[in-house]
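Here the structure is laid out as structure tokens; the discussion comes afterwards.
By convention in this document, chain letters (A, B, ...) are assigned in the order of the sequence lines, proteins followed by strands, and residues within each chain are numbered from 1. What's counted below: heavy atoms across the whole structure, side chains too, no hydrogens, waters or symmetry copies.
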Amino acid sequence: CEKACMMYSKFVFIPVTRLHEKAGLLNCVSHFASEATFDVKKCDLHRLEEGPPVTTVLTREEGLRYYRTMQTIRRMELKADQLYKQKIIRGFCHLYDGQEACCVGLEAAIKPTDHLITAYRAHGYAYTRGTPIREILAELTGRKGGCAKGKGGSMHMYAKNFYGGNGIVGAQVPLGAGIALACNYFGKDEICLTLYGDGAANQGQIFETYNMAALWKLPCIFICENNRYGMGTSVERAAASTDYYKRGDFIPGIRVDGMDILCVREATKFAADYCRSGKGPMLMELQTYRYHGHSMSDPGISYRTREEIQEVRSKSDPITLLKDRMVNNNLSNIEELKEIDVEVRKEIEEAAQFATTDPEPSLEELGNHIYKNEPPFEVRGPSQWIKYKSIG
Amino acid sequence: MNLFQSITSALDNALSRDPTAVIFGEDVAFGGVFRCTVGLQDKYGKDRVFNTPLCEQGIVGFGIGVAVAGATAIAEIQFADYIFPAFDQIVNEAAKYRYRSGDLFNCGSLTIRAPWGCVGHGALYHSQSPEAFFAHCPGIKVVIPRSPLQAKGLLLSCIEDKNPCIFFEPKVLYRAAVEQVPVEPYYIPLSQAEVLQEGSDVTLVAWGTQVHVIREVATMAQDKLGVSCEVIDLKTILPWDNETVCKSVAKTGRLLISHEAPLTGGFASEISSTVQEECFLNLEAPISRVCGYDTPFPHIFEPFYIPDKWKCYDAVRKMINY
């Protein structure tokens, strides 16, 4: 952009106003607002006198950052879809497109030293918690450049202060409470965000965890990502009460519009402050939607109509909502955002290239990391004559 | 019919013969993730074929209650890997009900079905074979069929059996295995192993998908080594038919047991231990176990992990040359 300005000024003198008409060059002449105030939907409250604020300020810099992150996740998921259909990714693949506002909004409200744990729809969180795209895609394709060295796959991605990536439904919730206890114990003012879905909300261990967290006032935010379907079962058919934010009973709860990144951010800030002040756990229900089926083996249209998916895409898409807000309030313009789109696409292409060409882990990896042992021990193989060395 | 169709047929027979029979589990109403219950809700109604929420412990606990009250409960656990939240209910409640109440109560009409075994792309949590965990629990029966014909007969026997049964269905065979299966009900007795092929040099024992692998190994051994193998499908893991296996080993003197589950503590260890007790003097070579590695079921190393025909063939060769 600077180069373009210089080029123009070398050959011809154009008044700034005319430059304005030549779209795309004006980013350097910052006529954008630096921030804007937005209204967010009021959250339903359970056992709380007041909730998160209903207005929030979004700066231009934040807006561009959120937009880029959400677009990166969207394109990454679509690329994973493509690679899966080409059979380069195999196994299970649960895609996150449609729910980007949740992970980006959550991350915007917490610190990198806070902790997060979620279930298997984890690619978005792996990215927001700091894993580079190429490592995520390489993990999906099972290569050694993957974040779990290719041994975990789609459901088992980890990063600093991000504990996965868990396959068994609901099993990560007691873990989240444990992490919160450790936060308390170490006294470092950190909290743990423990995520689960509307399907997992009916698991017994969730309720056991609510009890423990409330009893011991753990700094744990329980977050139910309600995307209306537990695999193929709609929430009405699975739950006696679909008010997931109330299910914590004695734990205060808020219901949040999960398609609006600003609403998610404000609610999370509110909940994080509550937890950090030592008042105990809080429950957040994020009402969101996923465009893909439960996993790549689910077409996603046998239990819901294409019209429904289309309607959500056209009226509540999180990326479009942010884009419209930014453009209509002069925080950015279409061209700038398109540039971001192009850059993101390129980044994803390069990452996919890496993911398809990186070599697979060597066979010795099969026996490694079962236990932690100083001297490597032998892992018995299929018969008494095959053994692998296990390095802990 | 293929395997899932034979299961549907068995369930259809069970529901029509027994007015108290109910089928429940996650997503069974529309037919199930493997299509084993297709059409059953339309035929028998929502009160007999219904979905449960996502709660395995709840499903099995609820099933035990249904069975104790006198109805026939057929519970589906979506993948055998998810059966662990229900492990307490199965081992502590279902298995011990008759024993602890002095036969006053029982949950014999409970049958739990679960897809089992590796499938090529299942990774850690869609490929497990947990039969060894349940083999350690007196009071329940554990059954694993190898084909559609076997599956229907064994499943109907499990449903009829007056003891709580766990029926593991090899998921890789759901579509792949096709056979002529009668539409009418028929029963295959439990706790009876089947000798598929007679032989005189080596006994090969397996169950589920692995039976097909060892059949191939038997052919390979015959062609390349001139070794005659006796192939046995164990069918019921608990209580297992040790008579058939021991009789066979007394004849051949060599035994190979193969399963996908990890080696240490896998069911092959129980068979091996019992056979060496009963047939010590008949053994010509140490008993061979060709099983999965002692690691969690891997994401991408699956072709190396599973006990394929080459590993079994190699073990046979080593036993012959012992």
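- In terms of heavy-atom pairs under 4.5 angstrom with chain B, the leader among A:Gly204, A:Gly167, A:Gly199, A:Ser297 is A:Gly199.
- Remark: B:Arg48 CZ is packed, more than 12 non-hydrogen atoms of other residues, nucleotides or ligands lying under 6.0 Å away.
- One finds the CG atom of B:Leu54 at 13.5 Å from the OH atom of A:Tyr196 (value rounded to the nearest 0.5 Å).
- Remark: B:Ile300 CD1 to A:Arg143 CZ distance equals 8.5 Å, nearest 0.5 Å.
- Between B:Gln78 and A:Met231 there is a side-chain heavy-atom pair separated by less than 4.5 Å.
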Mind running side-chain contact (heavy atoms from CB on, under 4.5 Å) on A:Met155 and B:His126 for me, showing each step along the way? CA-CA 12 Å; A:Met155 291 194 276; B:His126 295 79; 3.9 Å; yes
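- Taking a 6.0 Å sphere around OH of A:Tyr84, one finds it holds more than 12 heavy atoms contributed by other residues, nucleotides or ligands.
- One finds the CD atom of B:Glu56 at 8.0 Å from the CD1 atom of A:Ile168 (value rounded to the nearest 0.5 Å).
- Contact annotation for B:Val119: neither backbone nor side-chain heavy atoms come within less than 4.5 Å of a heavy atom of chain A.
- Counting heavy-atom neighbours within 6.0 Å of A:Arg247 CZ, excluding the residue itself, gives a total above 12.
- Ring planes of B:Tyr125 and A:His156: tilted class, angle from 30 to 60°.
- To the nearest 0.5 angstrom, A:Lys87 atom NZ is 9.0 Å from B:His121 atom NE2.
- In this structure, chain B has no heavy atom under 4.5 Å from any part of A:Ala201.
- Neither the backbone nor the side chain of B:Ser258 comes within contact range of chain A; no heavy atom of the residue lies under 4.5 Å from a heavy atom of that chain.
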